[in-house]
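Have a look at the structure below before the remarks.
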Amino acid sequence: MKCHAPLLLLSGCLLSVPLHAQDKPTSADSDAASSKAYVIDLYVDTKTKQIYSEPGEGRVRMGSFEKVSDKKPAPKAGAGEAAELPATSQAGGAIAAGGPAPAPTPSGMGYANWKSPDPFKWNLNPDGSQYLKFGFLNQVWLRYEQNNPGSQVLGHPVTDTTDIGLRRTRFVLQGQLTDRVYFYTQYGMNNFNFLTQDASTQHNGVDTAVGNRKIQAFFHDAFGELRLTQGHQMIVGGGLVMANGVSRFSSPSVSTIMTMDIPLFAQFTADRTDIFNRSLSVYLRGQIGMFNYRFTASDPFPINTSGTAFETISPTMAQFSREGHHKRYQGFYAINFWDTEPMTNPYWQGTYLGKKSVFNLEGGFITQKGATWTGTPILNGSGAEVGETNVKFHDMTIWSLALYLDAPVDKVKETAVSAYLGFFDTNYGPNYLRMNGIGMAPATGGTAPFATGGNAFPMFGTGKLFYGQIGYLMAKDLLGGNNGQLMPYFSWTSADYQALHNQVNVFNVGINWLIKGHNSKVTFDYQNRPVFNNDGYKISNRGQFVLQYQIAF
């Protein structure tokens with residue numbers, strides 16, 4: 001929508017100076033309705049820019065205002081006349097009768113008085129198309145966890161834990177240096193709680209902590225892009241980047257997601273052959289009409305450098321191979337039936353909170369030759385693996401197809417809906433299965449491969465999987481002025497993995513309090529997950545309650 005100077009001037013006047021009128025009372029009209037100011041709502045038509053006093057199609061509510069009295073001010077008291085007693089304002093001060101009341105002080109949990117729409121952006125040219133921008137993200141968790149059987153905290157058995165942690169803390173510096181040159185860097189840490197870096201080892205039968213809680217932060221991203229065309233039809237980029245394929249949740253903008261956390265299964269090689277879902281990559285992406293595309297070639301890191309203990313090779317269950325090296329290729333494609341999505345960088349928005357109307361058909365893939373292996377271990381006298389035999393290598397091939405919807409429902413009430421439904425075919429090799437939990441580990445222990453301690457469940461595996469989520473942004477005036485909006489949501493994951501006898505069903509239900517959009521929000525989330533034994537059968541369920549506060553800009 002283009003900005004018009006007269007409309008902006010009128011809107012600014014109306015929004016900044018609510019007018020009051022109070023006529024001097026007389027015995028005849030002291031209680032007449034005409035002497036009282038009353039509140040009216042004003043709406044602007046998004047197409048014609050006309051202002052109306054009633055809602056209607058295409059009209060967006062500007063705010064509530066008090067109507068000014070048509071009567072002229074009463075004459076001042078002359079000589080010999082009794083001066084009128086002062087009237088007391090709502091703020092407790094005295095104001096002269098017939099004079100305007102002071103404008104109400106803005107309030108509300110989400111009220112901000114920024115001098116510009118984006119005060120964290122430093123423009124390099126007059127129109128702001130070239131800029132440097134600073135960003136920050138901090139997600140604090142307060143969590144109660146029902147732990148898996150066999151869980152321990154520092155050697156003591158525990159059935160549940162309560163912890164405080166930082167899910168993500170990130171600093172971002174990005175910029176559009178010229179019309180065609182863009183860069184993005186991100187530095188920070190993840191999953192920081194009281195057990196952070198407490199990697200333990202056995203020494204004479206006793207657990208000895210060998211970790212260091214001060215080595216968490218690292219570069220997540222460091223990449224640059226060159227726009228090959230005048231528009232966004234063709235952009236080439238490279239560096240340490242999360243320009244992944246398969247799904248929008250494989251390259252998510254985590255500060256704008258609707259659910260408390262992303263579906264982590266969509267980050268298929270996370271911290272196995274990448275750095276927290278980032279890889280050294282080169283890619284080509286673009287938007288041609290209603291078609292959005294990307295193709296990426298990545299140089300995966302060897303599993304040997306993941307920082308975790310080697311898994312003993314198995315003749316029946318594939319694992320990421322410790323031998324050989326092959327490039328990983330991936331792509332993601334979307335058909336935008338309604339609005340197109342921003343092309344600033346390779347990240348995909350979680351929800352637009354009714355600011356755009358997006359309806360996409362999406363799909364993508366990942367493939368890597370010889371990514372995993374199976375074989376028979378050669379063990380020494382103490383049971384340690386010293387070699388492998390009968391080794392077979394397996395290709396990793398994963399693809400998906402999904403629908404994504406994020407659109408306003410009522411522009412006057414500023415309500416919106418967000419929904420996603422996707423199917424995933426995941427082939428890591430025969431019977432591949434990886435246990436993983438959401439967020440920081442609340443405990444350790446358990447017995448491999450399936451009965452793992454803490455909050456882990458079968459998250460990644462060879463098989464077929466469905467994932468869906470839906471949420472509704474409630475009316476803006478529900479909580480009063482400048483107090484934000486509520487957005488309840490529900491998500492569900494259902495996976496049929498080769499290595500398990502029972503279906504993996506995980507659901508989350510929660511609610512966002514969007515105090516100031518995604519800049520300041522509180523999320524309460526409950527997750528229910530299954531627990532499996534080492535024979536691959538489901539034996540019970542466990543729950544997780546998380547209260548998160550996010551600050552992002």
Side-chain angles (χ1 to χ4, degrees), residues 120-122 132-143 154 163-175 182-201 209-224 237-244 249-257 260-262 264 267 269-281 298-309 345-347 350 436-444 454-456 518-521 523 546 548-553:
F120 314 105
K121 178 183 175 185
W122 180 27
L132 291 175
K133 185 176 180 180
F134 174 70
F136 174 72
L137 168 67
N138 197 55
Q139 296 173 336
V140 183
W141 277 22
L142 175 61
R143 175 175 61 178
L154 302 179
D163 66 336
I164 304 167
L166 296 177
R167 177 65 176 98
R168 297 178 180 91
T169 300
R170 313 272 182 82
F171 293 92
V172 173
L173 179 64
Q174 60 180 307
Y182 171 82
F183 78 93
Y184 185 96
T185 58
Q186 184 174 195
Y187 186 83
M189 65 180 184
N190 311 286
N191 301 331
F192 188 88
N193 71 347
F194 74 101
L195 281 178
T196 297
Q197 290 294 324
D198 184 28
S200 297
T201 185
V210 296
N212 186 339
R213 70 177 68 97
K214 299 186 289 293
I215 60 172
Q216 276 287 301
F218 59 93
F219 270 102
H220 287 66
D221 300 89
F223 64 89
L240 181 61
V241 61
M242 189 166 56
N244 298 325
F249 296 115
S250 302
S251 302
S253 169
V254 293
S255 64
T256 64
I257 56 178
M260 183 195 66
D261 217 313
I262 56 175
L264 286 177
Q267 299 187 351
T269 61
D271 274 352
R272 282 298 186 263
T273 57
D274 57 36
I275 299 179
F276 217 78
N277 206 40
R278 281 85 171 170
S279 300
L280 294 169
S281 307
S298 302
D299 208 7
F301 297 98
I303 186 69
N304 314 46
T305 62
S306 65
T308 59
N345 54 49
Y347 287 111
N436 198 65
I438 299 291
M440 308 76 71
T444 58
N455 63 346
H518 293 299
N519 297 122
S520 172
K521 69 178 179 181
T523 305
V546 177
Q548 173 185 271
Y549 178 54
Q550 170 178 297
I551 296 176
F553 58 83

Is it the case that the side chain of [X] and the backbone of [Y] share a donor-acceptor pair, with hydrogens and angles ignored and the cut-off at 3.5 Å?
| X | Y | value |
| --- | --- | --- |
| S279 | P300 | no |
| S251 | N244 | yes |
| D271 | F276 | yes |
| Q550 | H518 | yes |
| N193 | P442 | no |

Quiz item: Side-chain donor-acceptor pair under 3.5 Å between S306 and T308, yes or no?
Solution: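 Yes, T308 and S306 have a side-chain donor paired with an acceptor closer than 3.5 Å.
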
Contact summary for [X] and [Y], nearest pair of heavy atoms:
| X | Y | result |
| --- | --- | --- |
| T256 | G350 | OG1-N, 2.9 Å |
| L240 | R278 | CD1-CB, 3.9 Å |
| S255 | L137 | CB-CD1, 4.0 Å |
| V172 | Q186 | CG2-CG, 3.8 Å |
| N190 | Q216 | O-OE1, 2.7 Å |
| M260 | I257 | O-CD1, 3.7 Å |

Exercise. Mind telling me whether F223 and Y184 have parallel, tilted or perpendicular rings, with 30° and 60° as the class edges?
Key: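 Taking F223 first and then Y184, their aromatic rings lie parallel (interplane angle under 30°).
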
Starting at [atom1] of [X], measure out to [atom2] of [Y] and round the result to the nearest 0.5 Å.
| X | Y | atom1 | atom2 | result |
| --- | --- | --- | --- | --- |
| H220 | M189 | NE2 | CE | 10.0 Å |
| L195 | D163 | CG | CG | 8.0 Å |
| N436 | Q267 | CG | CD | 10.0 Å |
| F218 | I275 | CZ | CD1 | 7.0 Å |
| I262 | S253 | CD1 | OG | 10.5 Å |
| L173 | T185 | CG | OG1 | 4.5 Å |

Quiz prompt | Lys/Arg-Asp/Glu bridge criterion (N-O < 4.0 Å) met for D261, R168 | solution =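 Salt bridge: yes.
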
For the residue pair [X] and [Y], establish whether any side-chain heavy-atom pair is separated by less than 4.5 Å.
| X | Y | value |
| --- | --- | --- |
| V140 | I551 | no |
| L280 | F301 | yes |
| P252 | M242 | yes |
| W141 | N191 | no |

Quiz item: Taking atom CD1 of I164 as the centre, does the number of heavy atoms from other residues, nucleotides or ligands within less than 6.0 Å exceed 12?
Solution: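 For I164, atom CD1 is not crowded (no more than 12 foreign heavy atoms under 6.0 Å).
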
Exercise. Start with the C-alpha distance between R143 and N455, add both sets of side-chain angles, then the distance that settles side chain to side chain contact (heavy atoms under 4.5 Å, CB included), and finish with yes or no.
Key: CA-CA 12 Å; R143 175 175 61 178; N455 63 346; 3.6 Å; yes

Quiz item: How about F120 and F136: are their ring centres within less than 6.0 Å of each other?
Solution: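 They do not qualify: ring centres at least 6.0 Å apart.
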
